[in-house]
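All chains are named by letter (A, B, ...) in the order of the sequence lines, taking the proteins before the strands, and each is independently numbered beginning at 1.
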Protein chains: 2
Amino acid sequence: MERSRTSEADLRRAILDTARHLLVREGYKSLTMRRIARAIGYSATAIYLHFDNKDALFHALIEEGMERLYAAFREAVARHPDDPVQRLQALCRAYVAFGLDQAEYYEIMFMAHPEHMERYPAEKYRRARRNLDLLAETLADGHARGMLDAPEPRVGASIVWSSLHGAVSLLLAHRVDVRIAPEVFIHAAIAHTIHGFLPVREAPGIPPDIPPALPFADGAWKRFFGGDGEAA
Amino acid sequence: MERSRTSEADLRRAILDTARHLLVREGYKSLTMRRIARAIGYSATAIYLHFDNKDALFHALIEEGMERLYAAFREAVARHPDDPVQRLQALCRAYVAFGLDQAEYYEIMFMAHPEHMERYPAEKYRRARRNLDLLAETLADGHARGMLDAPEPRVGASIVWSSLHGAVSLLLAHRVDVRIAPEVFIHAAIAHTIHGFLPVREAPGIPPDIPPALPFADGAWKRFFGGDGEAA
DNA sequence: ATCGTAGCTTAACAGTGTTAACCTCTCGTG
DNA sequence: CACGAGAGGTTAACACTGTTAAGCTACGAT
């Protein structure tokens, strides 16, 4: 139809833009090949000339999302160059804000079912890793200054991510107790995430460190981790 | 075919069992109406005589899953009737163990896309709420004894859930950094979750409480929460 | 003996992702 | 300039999906 917009070979660009818009405006379930094609005035199969399959299109969108999140993260870091705790808090806020504000982006980035991610090349998660690195550096900084208890920043960064991801995904799925105001929940989630890295004081009945050793006696998750050792 | 098993009108039971087995053995994507039907020797439409639609079948499975989780939770509570911190830890372990051991159950219970949950009657989440109640009671107990800092147990319970859910869902999606051993990550996630409720000590540059007021200056997530006020 | 209906069937619809075959038009080379 | 190659697009089709409409069969009650 009005094919003037995609005059050159940047149809790939048009596909991605349309996919993103469709995702944001119509929602996840409306993101189908035929619908994208119809929106840009091409046939569905034309998409396959630029993307191997729907997964590949998803991966491209995920990379874009990671880039956006990274931009938000860097801005948060730049805003608090001195205080690592404040910086950590700014990062947490940036993450939650990104997740709620760009909900559909977040969904395909972090909530897409593993089935879609099977063929995902682990290579491409480098962009995602940069975001974790910013968290790890902040934790390491705070640990060095004695303000945060994060002896293993890399693990700590994943914990921060994991904790915030839980909050965002439950919010997006509307699974949080209705009697709790969203703002309260968000504030509590961020506070708890940071709180978990603050040094503890001795108190009655509290071991200096949460118990040691293996978290489970029996091999509960062995079945799960038995099959494949790689992740991303 | 061999329809002797479903001699009576408990075909509903057979559908649920088959769906669960199929889910566990073949994975999420193989859980289709036709496949379930074929497995029990009925036609696909026969399922619609016992369930309104696929969502309703999912809901039934979710309720079963919630029941199982509740059983595991009650066992954890019974094992540590005295120490709330130990009890909280046992609950955390039970949750993670359930998530990893019954991965497919966990997926439809907590990771199914909101699209599937649109028509879900909020009423039915009462079973889910009981699990949160056990967490809340434990937090309240610990708070009363000065061992845990959880002034609002109901919020705290959701935070615990949220935190663990993040860990489990990232593990199930194989999204955790490959350089971190799963056992290490799991232990750190549980430890951090509990740690977040331990009283802090004064330290250089750390405010007594993580900052007050609204977590965001601009109305970042307003678009998200603007539309619908109900959740579940 | 007949009617109603519970319980199940087949046929069909509107979708989905994806592939194969074809068509057209431009561009580099003999 | 003529021509073959191939880039970039098309339609038709396959094997699926959830779901609905219509029809069949057999049994229990009147």
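Evaluation of the side-chain hydrogen bond (donor to acceptor under 3.5 Å, both in side chains) rule for Arg130(B) yields Glu67(B) as partners, not counting sequence neighbours. Not counting sequence neighbours, the partners of Arg68(A) by the side chain to side chain contact (heavy atoms under 4.5 Å, CB included) test are Arg20(A), Phe98(A), Gln102(A), Tyr105(A). For Arg34(A), the salt bridge (Lys or Arg N to Asp or Glu O under 4.0 Å) test picks out no residue, with sequence neighbours left out. For Phe197(B), the ring-ring contact (aromatic ring centres under 6.0 Å, His included) partners at least two apart in sequence or on another chain are His192(A). By the side-chain hydrogen bond (donor to acceptor under 3.5 Å, both in side chains) test, Ser169(B) pairs with His165(A), sequence neighbours left out.
When rounded to the nearest whole Å, the span between OH of Tyr42(A) and C1' of dT11(D) equals 17 Å. For Leu49(B) and dG18(D), the CG to C1' distance is 15 Å, given to the nearest whole Å. We find that CD1 of Ile15(B) is positioned 12 Å from C1' of dG7(C), with the value rounded to whole Å. Between the CG atom of Leu31(A) and the P atom of dG15(C) there is a distance of 17 Å, given to the nearest Å. What separates CZ of Arg12(B) from C1' of dA6(C) is a distance of 17 Å, to the nearest Å. In this structure, Ile47(A) places its CD1 atom 18 Å from C1' of dA7(D), rounding to the nearest Å. Taking atom CZ of Phe58(A) as the reference point, atom C1' of dT16(C) lies 12 Å away to the nearest angstrom. Note: NZ (Lys54(A)) to C1' (dT19(C)) measures 17 Å, nearest angstrom.
Contact check on Asp133(A) versus Arg129(A) returns no salt bridge, with no Lys/Arg side-chain nitrogen under 4.0 Å from an Asp/Glu carboxylate oxygen.
Closest to the Arg35(A) side chain, of the nucleotides dG9(D), dC8(C), dT16(C), is dT16(C). Closest to the side chain of Met33(B), out of dG9(D), dG18(D), dG17(C), is dG18(D). Of the candidates dT18(C), dG9(D), dT17(D), the closest approach to any side-chain atom of Thr32(B) belongs to dT17(D).
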Got a list of protein N/O to nucleotides 12-14 of chain D N/O distances below 3.5 Å?
residue	atom	partner	partner atom	Å
dA13(D)	N6	Arg34(A)	NH2	3.4

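Look at Ser43(A) and you won't find any side-chain N or O under 4.0 angstrom from OP1 or OP2 of dT11(D). Of the side-chain N and O atoms in His50(B), one or more sit less than 4.0 angstrom from OP1 or OP2 of dC8(C). Residue Tyr48(A) places none of its side-chain N or O atoms closer than 4.0 Å to OP1 or OP2 of dG17(C).
Between Tyr95(B) and Tyr106(B), the angle of the ring planes goes over 60°, which puts this pair in the perpendicular group of the 30/60° scheme.
Each of Asp52(A) and Ala46(B) was assigned the nucleotide of DNA chain C with the nearest heavy atom; the assignment lying further toward the 5' end belongs to Ala46(B).
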